[in-house]
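Predicted model, so just to flag it, every value in this text is computed and none were measured. Numbered from 1 within each chain, the chains take letters A, B, ... in sequence-line order.
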Amino acid sequence: MKLYNTLTKSVEVITPLQSPAVTLYTCGPTVYDFPHVGNWFTFIRYDVLVRALKANHLQPKWVMNITDVGHLVSDADEGEDKLEKGARREGKTAWDIAKFYGDYFIQGLNRLNILQPDFLPKATEHIDEQIRLVKTLEEKGFTYAISDGVYFDTSKFPKYAEFAGLDLDEQQAGARVEYNPEKRNATDFALWKFSPKDEKRDMEWDSPWGKGFPGWHIECSAMSMKYLGETLDIHSGGIDHIPVHHSNEIAQSEAATGKPFANYWMHANHITVNGEKISKSLGNGITLEDIEAKGSSLEAFRLHVLESHYRNQSKFSWESLDAAQNRLKNWQAAAVLRYQTASSSSGGTTFTATEIQTQLTELLGDDLNTPRALVLLSGIFGQLESTGLHSAHVAEFETLLVFIDSLLGLTLAAQADIDDDLKQLISARESARSKQDWTKSDELRDQLTSQGIGLRDTEQGAIWFRL
RNA sequence: GGCGCCUUGGCGGAGUAGUUACGCAGCGGUCUGCAAAACCGUGUACACGGGUGCAAAUCCCGUAGGUGCCUCCA
């Protein structure tokens with residue numbers, strides 16, 4: 001299993017600390033609003049990673065956090081907590097917001113056929129762990145307190161800028177945003193924030209430094225260490241997190257333990273819509289509901305995600321989603337050929353499932369090359385559609401479909417046979433046709449169409465497919 | 001202002017030196033009772049200008065446009 005490692009900027013073979021177990025931490029959502037397609041792209045990328053690891057004989061132990069406190073509107077540790085802001089927007093408490101959008105997120109995982117992580121820890125349920133980690137950092141001299149919180153002193157972690165390849169001096173010279181002048185360094189970040197003196201927050205806890213709430217970054221370190229140990233194999237997240245969030249995670253974790261935090265870093269690139277990034281301010285945050293309202297399926301959306309490589313910036317458009325929907329329909333039409341092999345015993349496509357499985361596993365194992373995997377599959381399904389499935393290969397085909405579904409999260413094997421009523425309509429049409437009763441045969445065809453079943457007349461008889 | 005990345009046929013999207021990528025859509029034809037599907041055929045694609053090479057979409061330099069991070073954000 002090979003993966004591009006942001007740490008070394010090269011594709012590397014994954015060698016877990018305790019193979020075949022592989023520990024994986026993926027940055028999860030901040031649950032203050034509906035996720036948009038860009039967010040879901042990344043979560044599907046994680047899912048593909050997990051499935052690829054499994055296919056390549058590794059056993060992932062997967063943790064994805066739920067950020068339900070402490071993520072401020074600005075990464076510069078200023079501004080409002082997103083949860084509190086969401087609460088004000090909807091006239092609820094921050095706890096209500098976290099519950100509602102947290103539940104929505106988990107439903108979204110299911111709707112997109114994303115595997116459930118082994119752990120989905122919430123930041124608010126790990127306050128003690130976070131406080132303990134800050135204490136450790138304090139004891140080791142990495143922290144200092146100012147009026148609004150306890151901060152990490154990045155100047156005491158000399159390789160801070162290495163991970164993101166930043167030139168801190170240059171950046172500061174041209175920085176557009178001013179930072180809290182009490183901070184010792186621009187890159188210092190909050191470990192613990194104090195509650196405002198004149199305001200009662202929905203979410204706040206006591207700590208050795210005063211009442212407040214944890215900084216956004218510390219949760220990931222605390223929770224990954226709790227569930228996966230001080231050094232994890234793979235840490236994954238959105239590409240935007242390289243400069244701030246992940247640099248901070250590395251700094252605070254390695255400062256606390258003296259050990260490497262993660263051996264492999266996998267970053268999913270972003271997508272654009274109409275050539276622009278997705279952001280709240282642009283108002284182009286398409287949701288899963290928008291996709292369904294347009295008549296597309298979430299499975300087609302998933303296939304659309306797989307059509308591009310996770311390291312490239314890819315584009316989302318309704319046109320490309322339609323293309324994926326059509327491609328999926330063709331695949332589904334091929335999948336149901338296994339119910340229609342009665343007269344193709346002599347001809348039809350034959351193949352060996354294990355051979356194709358090996359190829360697919362290698363493609364996914366080569367830095368998650370999903371575009372190439374789809375090319376392979378389109379070739380196979382295309383051949384099936386043109387020549388039919390050999391009747392002796394139904395079981396082989398079924399095995400392959402189950403494997404494809406497990407690797408790519410599709411539901412091809414689940415494509416069911418049609419019921420007897422529909423089958424009778426088809427055979428009634430066949431006999432009408434043999435009697436050249438075109439009126440009746442067209443009428444029956446219309447009936448089938450209205451029930452979502454299309455037909456193609458071949459030399460071996462009518463083949464049905466779902467419209 | 002600093003540091004990056006990108007630019008492939010109608011749309012999406014692989015490909016880092018020499019092979020038709022591929023998908024979706026389109027066009028012409030065959031087949032068909034009519035359709036549909038399928039099949040056959042069909043697009044002088046690699047932003048522009050130089051350079052290196054026997055050979056460049058692929059490497060180097062420059063130009064133009066776009067875009068990302070340094071605010072929000074997967």
Value in whole Å for how far the C1' atom of G4(B) lies from CZ of Phe163(A) | 15 Å
Euclidean distance, atom NE2 of residue His270(A) to atom C1' of G4(B) [Å, nearest integer] | 14 Å
Hey, which of Ile286(A), Asn39(A), Val273(A) is the one that makes side chain to side chain contact (heavy atoms under 4.5 Å, CB included) with Ile278(A)?
-> Val273(A)
Can you check each nucleotide of nucleotides 30-35 of chain B against protein heavy atoms at under 4.0 Å and return B for base, S for sugar-phosphate only, - for none, in 5' to 3' order?
-> ---BBB
Passing candidate, side-chain hydrogen bond (donor to acceptor under 3.5 Å, both in side chains) with Tyr160(A), options Thr154(A), Asn248(A), Thr187(A) | Asn248(A)
Candidate nucleotides A74(B), G68(B), C39(B), ranked by approach to the side chain of Ser386(A) - the nearest = C39(B)
Between Gln252(A) and Ser221(A): side-chain donor-acceptor atoms closer than 3.5 Å | yes
Exactly one candidate in Leu228(A), Val63(A), Asp118(A) meets side chain to side chain contact (heavy atoms under 4.5 Å, CB included) with Thr23(A); the answer is Leu228(A)
Watson-Crick or G-U wobble partner of U30(B), both distances under 3.5 Å | A38(B)
Take Gln313(A) and His304(A), find for each the nucleotide of RNA chain B with the closest heavy atom, and name the residue whose nucleotide sits nearer the 5' end.
-> His304(A)
Separation of G26(B) atom C1' from Glu319(A) atom CD, nearest Å, is 12 Å
If the P atom of G1(B) is compared with that of U63(B), how far apart are they to the nearest Å?
-> 15 Å
Pairwise C1' distance for G13(B) and C6(B), with rounding to whole Å | 14 Å
For the residue pair Asp290(A) and Trp318(A), establish whether any side-chain heavy-atom pair is separated by less than 4.5 Å.
-> yes
Out of Phe100(A), Trp40(A), Tyr32(A), Phe34(A), which residue meets the ring pair (Phe, Tyr, Trp, His ring centres under 6.0 Å) rule with Phe105(A)?
-> Trp40(A)
Kindly say if His309(A) contacts the phosphate of A14(B), meaning a side-chain N or O under 4.0 Å from OP1 or OP2.
-> no
Using a 4.5 Å cut-off on heavy atoms from C-beta on, say whether the side chain of Phe465(A) contacts that of Leu467(A).
-> yes
In Watson-Crick or G-U wobble terms, with both distances under 3.5 Å, the base opposite A64(B) is U7(B)
Could you write out each protein N or O paired with an N or O of nucleotides 21-23 of chain B at a distance under 3.5 Å?
{"residue": "G23(B)", "atom": "O4'", "partner": "Arg327(A)", "partner atom": "NH2", "Å": "3.3"}
{"residue": "G23(B)", "atom": "O2'", "partner": "Arg327(A)", "partner atom": "NE", "Å": "3.2"}

Report which part of the nucleic acid Thr42(A) touches: base, sugar-phosphate, or nothing (heavy-atom distance under 4.0 Å, all strands).
-> base
Applying a 3.5 Å limit to both distances, which nucleotide forms a Watson-Crick or G-U wobble pair with A25(B)?
-> none
Between Asp148(A) and Ile146(A), is any pair of side-chain heavy atoms under 4.5 Å apart?
-> yes
Check Asp442(A), Asp437(A), Asp457(A) against Arg429(A) for a salt bridge (charged side-chain N to carboxylate O under 4.0 Å, His left out) and give me the one that passes.
-> Asp457(A)
Sub-6.0 Å ring centroid separation between His235(A) and Tyr264(A) = no
Starting at atom CG of Asp367(A), determine the distance to atom C1' of G15(B), rounded to an integer number of angstrom.
-> 15 Å
Using the P atoms only, state how far C46(B) lies from U7(B), rounded to an integer number of Å.
-> 14 Å
Take the protein atom CZ of Phe43(A) and the nucleotide atom P of A74(B), then report the distance between them rounded to whole Å.
-> 7 Å
Check every atom of A74(B), G12(B), G15(B) against the side chain of Asn312(A) and return the nucleotide holding the closest atom.
-> G15(B)
Has Asn269(A) got a side-chain N or O lying under 4.0 Å from the OP1 or OP2 atom of G68(B)?
-> no
When you check the glycosidic angle of G53(B), does it come out syn, meaning within 90° of 0, or anti?
-> syn
Paired to G43(B) by Watson-Crick or G-U wobble criteria (both distances under 3.5 Å) is none
Roughly, in whole Å, what's the span from CG in Leu363(A) to P in G15(B)?
-> 11 Å
Can a donor-acceptor pair be found between the side chains of Arg327(A) and Ser378(A) at a distance below 3.5 Å?
-> yes
If the C1' atom of A55(B) is compared with that of G18(B), how far apart are they to the nearest Å?
-> 6 Å
C1'-based separation of G15(B) from G68(B) [nearest Å] | 23 Å
Any strand, both distances under 3.5 Å, Watson-Crick or G-U wobble: C54(B) pairs with G18(B)
Quick note, Lys277(A) side chain, CB onward, closest among A74(B), C69(B), C11(B) is C69(B)
Could you work out which one of A14(B), C11(B), A36(B) sits closest to the side chain of Phe465(A)?
-> A36(B)
Starting from P on A74(B), measure out to NE2 on His267(A) and report it in whole angstrom.
-> 13 Å
Value in whole Å for how far the P atom of G4(B) lies from CD of Glu162(A) | 16 Å
Looking for any heavy atom pair under 4.0 Å, which part of the strands does Gly454(A) touch: base, sugar-phosphate only, or nothing?
-> nothing
By nearest-nucleotide position on RNA chain B, the 5'-leaning member of Asp240(A) and Thr272(A) is Thr272(A)
Which value, in whole Å, describes the distance between the C1' atoms of nucleotides C5(B) and C11(B)?
-> 23 Å
Provide the distance between the two P atoms, one in A45(B) and one in C22(B), to the nearest whole Å.
-> 14 Å
Within a strict 4.5 Å, meaning less than it, do heavy atoms of the Leu24(A) and Leu232(A) side chains meet?
-> no
Quote, to the nearest angstrom, the C1' distance that separates U44(B) from A57(B).
-> 15 Å
